[in-house]
Amino acid sequence: MKYEMVIGLEIHAELNTRTKIFCSCSTQFGAEPNTHVCPICLAMPGTLPVLNRQAVEKCVTAGLALGCDIAPEAHMDRKNYFYPDLPKAYQISQLFRPLCTGGTLEFEYEDESGQARIGRVRINRIHLEEDAGKSIHDLYGASTLLDFNRGGVPLIEIVTEPDIRSPEEAGAFVDRLRSILRYAGVSDCQMQEGSLRADINLSIRPAGSDTLGTRTEMKNLNSIRAIVRAAQAEFLRQTEVLEDGGVIVQETRRWDDAKGRSLRMRTKEEANDYRYFPDPDLLPIRVDGDWLRAIRDALPELPGSKRRRYVADYGLPEYDAGILTSDPAISAFFEDAVACGGDAKAVSNFIMGDMMRIVRERELDFAALPFSPADLATLVNRVAEGVVSISVAKGAVLNQMFEAGERPDAVIERMGLRQVSDEDTLRAIARDVIRDNPGVAQEYRDGKTKVLGFLMGQVMKKSRGKAQPAAASQLLKEELEK
Amino acid sequence: MKLFTMPALMLARKIHEGSLTAPEVAEAFLGRVKELDPKIGAFLLTDRAWTLEAAERAQRRIDALKAEGKPVPPLAGVPVALKDNLCTRGVATTCASRMLENFTPPYDATAVERLFESLMVPLGKCNMDEFAMGSSTEYSAFGPTRNPWDPSRVPGGSSGGSAAAVAARMAPLALGTDTGGSIRQPASFCGVTGLKPTYGAVSRFGAVAYASSLDQIGPIGRTAADCAALFEVVRGRDERDATSADIDQPACLRDIGAPLDGMKIGVPSQYMGEGIAPAVRQAVEAALSRFRELGCSVTEVSIPALDYALPAYYILSCAEAGSNLSRFDGVRYGYRAQGAGDIDELYLRTRSEGFGAEVKRRILLGTYVLCAGYYDEYYKKALRMRSLVKAGYEKALGSADILMTPTAPIPAFGIGEKVDELSMCMADICTVSVNIAGLPAISFPCGFTDGLPVGLQAIGRPFGEAALLRAAHAYQQITDWHVRVPALSEGGRA
């Protein structure tokens, strides 16, 4: 029997607020253990949480970016369970009245066979909650150590409807979601630092059926690749179970990315009863009227509409627009370079070609390059003006800009890279080339005009790449036909 | 008049005038605690250095303010006893529990901070029912407190240590907390005045939580005026407590002497009938006629929804308590069971050994009512009952200015007498509904029966503490119940 998979995702994103959700401790990643802690986030007796307004705003921003309804009155609830890294023994979260409900995300992706498709995934809810600390095992004998720096960092949990039908679609959804959250300034979405984490709920059913099978929940997915692989593996596992005449057990599994397989963590029967109830220490959250309007007004342009604008306003191909808008830092660099007078298509070619390659190779960040968008615009203009050739611009000049942050005009002058278009100089080079290659020159005169390319190559070589191609080609022809 | 029989405001005046100094007053009360407390057990801790340093600091500041011609806070230099669930920086805060026997907070509760800012002097930490759960102070892990009027009887609870300290004139003032009557009922049993403020009037930051939606810190004193002064010191918006009210609260002390002419007093019939001891009812009725003499009208009102208050209270308070007390897990601070093999055993043994029976009972009850499948049946229903109680009070307080009831249905009972949970919680029957509705209420002495004090409770509108304090003050101007001193202490009558 042919089966299809049904996937819903739960995605946790750490909000990039400056301070924690209920106290004024820093949220900075990577500090010495237990240096970003205080009596409140350590849950000392008598301390109370006070909700970080910015965390609420960022959750609402995420909701607006995904087309959600914003609850006029939301509540924080307590999710009760004992765990050493959860100091209050309850996580303050939202169950009954989350901040955001409804919403949809549309995105393009390529399916297994490489065919372009449109994905459309409904968002069930987005709620606000706090992160737990970290248990560190095996570092100090048999003891478990605790680091509470992360405890109380604000998170949003984005829950989708079970609308996803393939691992590729799941991966593409998370990729697009990450791009939107970054654009909206909500989260840094650094998956390797754990600031974006996904859980997969997956069930299978006979293709064409419209009832849902028993689902499993897969935890610990820290990259898009892991999401795709875990979904593939779980689909195969469940298919095998059913084909062997077994039944799927509702359970939570843990993905081991190194081994490429998952292991059972706990079954439904072993699940905690979280005994949720509204947290009496916190007032209802009312994001309405002016506050909601202000958040909406502050919402930046999101990748979808930006992409459409790039096509319409700059005349860029869909493909280019898609790549340039995939990351807010890239699109900001692009827009700034165009604003500084660079031709859009030429700027786009520079960014998508050599710049993205170099940034990737050297692990740089578009938000912090050694040169400015204005420098890129200058370089693009120098090519257009014929001051330097495109190959010199993408080669020596760009390289020096990355290397030393040197201004393009300075590089061109210092290294003598200015293109040669002076008639006497070019004519002399052309004559030299004809003299050095009498046989080829004769072939040309005999009508074999294809060899002009070879001769032009020699001209470029002799000029060390600086000959202005159009002028040189014209003069070469004149000399050949003399 | 002996120093320790003076009301707090009189002590403050004498310190201000210079006829007494703050260290002198602190020494006198520390001496009295040393002398009398072995018989009462009101204090879990006194710390001479802590008290005297604060007294000396206060005195220097008072002198400086006077020299600069600046106003001196109204209770500057006056000692105040603190219930041991109020966090004190560098001084043990145990909640009368083995769980926190060795716990020393690195911060002061906001209310404690405000005492210091107003140049008051901490006198010590008072006994209580463990984690404020109880009505007799018998559930303290460190032994019961005795009622100064009859040491074979309980002082009430859970702020029994605070109330007994004030009654025995070991402290001019005390802070307590009140979740279901824990200030008012011991004030009633001990013959002192205690105010449970409106929910949100006083910051709860640093008060170890029992039931977050019900807890309030409030003053216990000998007179309504003293309570008004201390209430004004500790109340007000605190950025560290989201539930603290962001409003300007009306002045209480300034107009406390204004006449009561025309004040409308409602008397809920639900709290004057069955279950109220005849002697208590008689004392309350006698007090009501004195209020008529003071120019008040007294009308019986009926608030049928009050019948829901006790079940709603037990469900909500235990649900919140079960969650609030989960942090005591032996991992970061407090008691930790030794030799546990794994984390589950550590939790189990720490909590089994660290908590007393009553606390465990309430945690179990609270856990049960929030369990999957029971939430709607218990917790949600209790929330509905809560809104009914609130609405009932709102209606009654629409026509009446304040309501009056007995504070407790009976006077202080014997130690070990009310061992079963049910009869113990009946001691709270007249007080819990006030917490459920979030209203302010005051208890003040209105008579004696068989040598034991009887308390009168006045309930007000939200942030209507001024009216309650005014009523209690007017009554205290024409009666002397509040100035009687238990025979145990040798102070005599003021």
Side-chain angles (χ1 to χ4, degrees), chain A residues 21-24 34 37-53 56 75-92 95-96 133 135 137 142-148 151 268 271-285, chain B residues 85-87 93 95 99-100 103 105-110 131 200 203-209 211-215 238-244 316 319-320 322-334 343-344 346-348 351 366-375 379-380 383:
Chain A
I21 185 166
F22 299 122
C23 63
S24 53
N34 297 312
V37 295
C38 73
I40 296 168
C41 57
L42 291 176
M44 306 271 284
T47 60
L48 295 171
V50 175
L51 185 57
N52 181 338
R53 207 176 146 87
V56 174
H75 293 205
M76 301 305 294
D77 301 307
R78 291 187 185 178
K79 178 182 183 178
N80 295 282
Y81 64 98
F82 284 94
Y83 205 75
D85 64 19
L86 189 70
K88 293 189 292 294
Y90 56 83
Q91 179 195 30
I92 302 179
L95 175 71
F96 301 110
S135 300
H137 307 285
S143 303
T144 292
L145 304 179
L146 295 165
D147 176 7
F148 290 104
K268 189 189 175 192
N272 273 313
D273 178 354
Y274 292 119
R275 307 187 318 278
Y276 279 98
F277 74 105
D279 192 331
D281 286 330
L282 292 160
L283 302 177
I285 310 166
Chain B
N85 61 350
L86 300 174
C87 286
T93 300
C95 295
M99 190 60 95
L100 290 177
F103 176 69
Y107 45 87
D108 279 323
T110 297
F131 284 105
S203 166
R204 293 182 295 115
F205 185 87
V208 180
S212 312
S213 74
L214 304 164
D215 296 344
D238 177 16
E239 295 296 333
R240 290 179 295 183
D241 175 3
T243 63
S244 80
L316 296 175
E320 293 178 17
S323 177
N324 284 333
L325 270 62
S326 294
R327 65 185 60 194
F328 304 110
D329 57 8
V331 173
R332 284 149 293 119
Y333 50 76
I343 186 70
D344 287 332
L346 178 78
Y347 288 151
L348 258 168
R351 293 168 63 78
T367 305
Y368 179 80
V369 298
L370 287 175
C371 276
Y374 293 117
Y375 181 86
Y379 188 81
K380 230 171 148 181
L383 288 182

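First the proteins, then the strands, lettered A, B, ... as listed; each starts at 1. Values below: every heavy atom of this structure, side chains too, minus hydrogens, waters and symmetry copies.
- Surrounding OH of Y375(B) are more than 12 heavy atoms belonging to other residues, nucleotides or ligands, all under 6.0 Å away.
- Both the backbone and the side chain of N324(B) come within less than 4.5 Å of a heavy atom in chain A.
- No part of Y374(B) comes within reach of chain A, as not one of its non-hydrogen atoms sits under 4.5 angstrom from that chain.
- Between chain B and the residues Y274(A), Y83(A), F22(A), the largest count of heavy-atom pairs under 4.5 Å involves Y83(A).
- If you measure heavy-atom distances from L100(B) to chain A, the contacts under 4.5 Å come from the side chain alone.
- If you tally non-hydrogen atom pairs under 4.5 Å between each of A109(B), A242(B), S326(B) and chain A, the highest count goes to S326(B).
- Contacts of F148(A) with chain B are made by side-chain atoms alone, with heavy-atom separations under 4.5 Å and no backbone atom involved.
- Contacts between P278(A) and chain B at a heavy-atom distance below 4.5 Å involve backbone atoms as well as side-chain atoms.
- Looking at heavy atoms from C-beta onward, F82(A) lies out of side-chain contact with L346(B) at the 4.5 angstrom threshold.
- The part of C87(B) that comes within reach of chain A is its side chain, from C-beta onward, which places non-hydrogen atoms under 4.5 angstrom from that chain.
- The contact between N80(A) and chain B is made entirely by side chain atoms (from C-beta outward), counting heavy-atom distances below 4.5 Å.
- For T367(B), the parts lying under 4.5 angstrom from a heavy atom of chain A are both the backbone and the side chain.
- For A211(B), no part lies near chain A; criterion is any non-hydrogen pair under 4.5 Å.
- Side-chain contact between T243(B) and L283(A) is present, with at least one heavy-atom pair separated by less than 4.5 Å.
- At distances below 3.5 Å, not a single donor-acceptor pair connects side-chain atoms of R78(A) with backbone N or O atoms of S323(B).
- Under the 3.5 Å distance criterion, the side-chain polar atoms of R240(B) are left unmatched by any main-chain donor or acceptor of V50(A).
- For Y379(B), the part lying near chain A is the side chain, with the backbone staying farther off; criterion is any non-hydrogen pair under 4.5 Å.
- With a 4.5 angstrom heavy-atom cutoff, I40(A) touches chain B only via side-chain atoms.
- When heavy atoms are compared at a cutoff of 4.5 Å, Y81(A) does not approach chain B at all.
- Shown here for P280(A) and E320(B), the closest heavy-atom pair between the two residues is CG-CD, 3.7 Å.
- Rounded to the nearest 0.5 Å, atoms OG1 (T47(A)) and CG (D241(B)) are 11.5 Å apart.
- Atom CZ of F96(A) sits in a crowded spot, with more than 12 heavy atoms from other residues, nucleotides or ligands closer than 6.0 Å.
- Of the residues considered (P39(A), A89(A), P87(A)), P87(A) shows the highest number of contacts with chain B, using heavy-atom pairs under 4.5 Å.
- Interface summary for chain B: among P49(A), G46(A), P84(A), the most heavy-atom pairs under 4.5 angstrom belong to G46(A).
- With a threshold of 4.5 angstrom between heavy atoms, A372(B) approaches chain A through its backbone and through its side chain.
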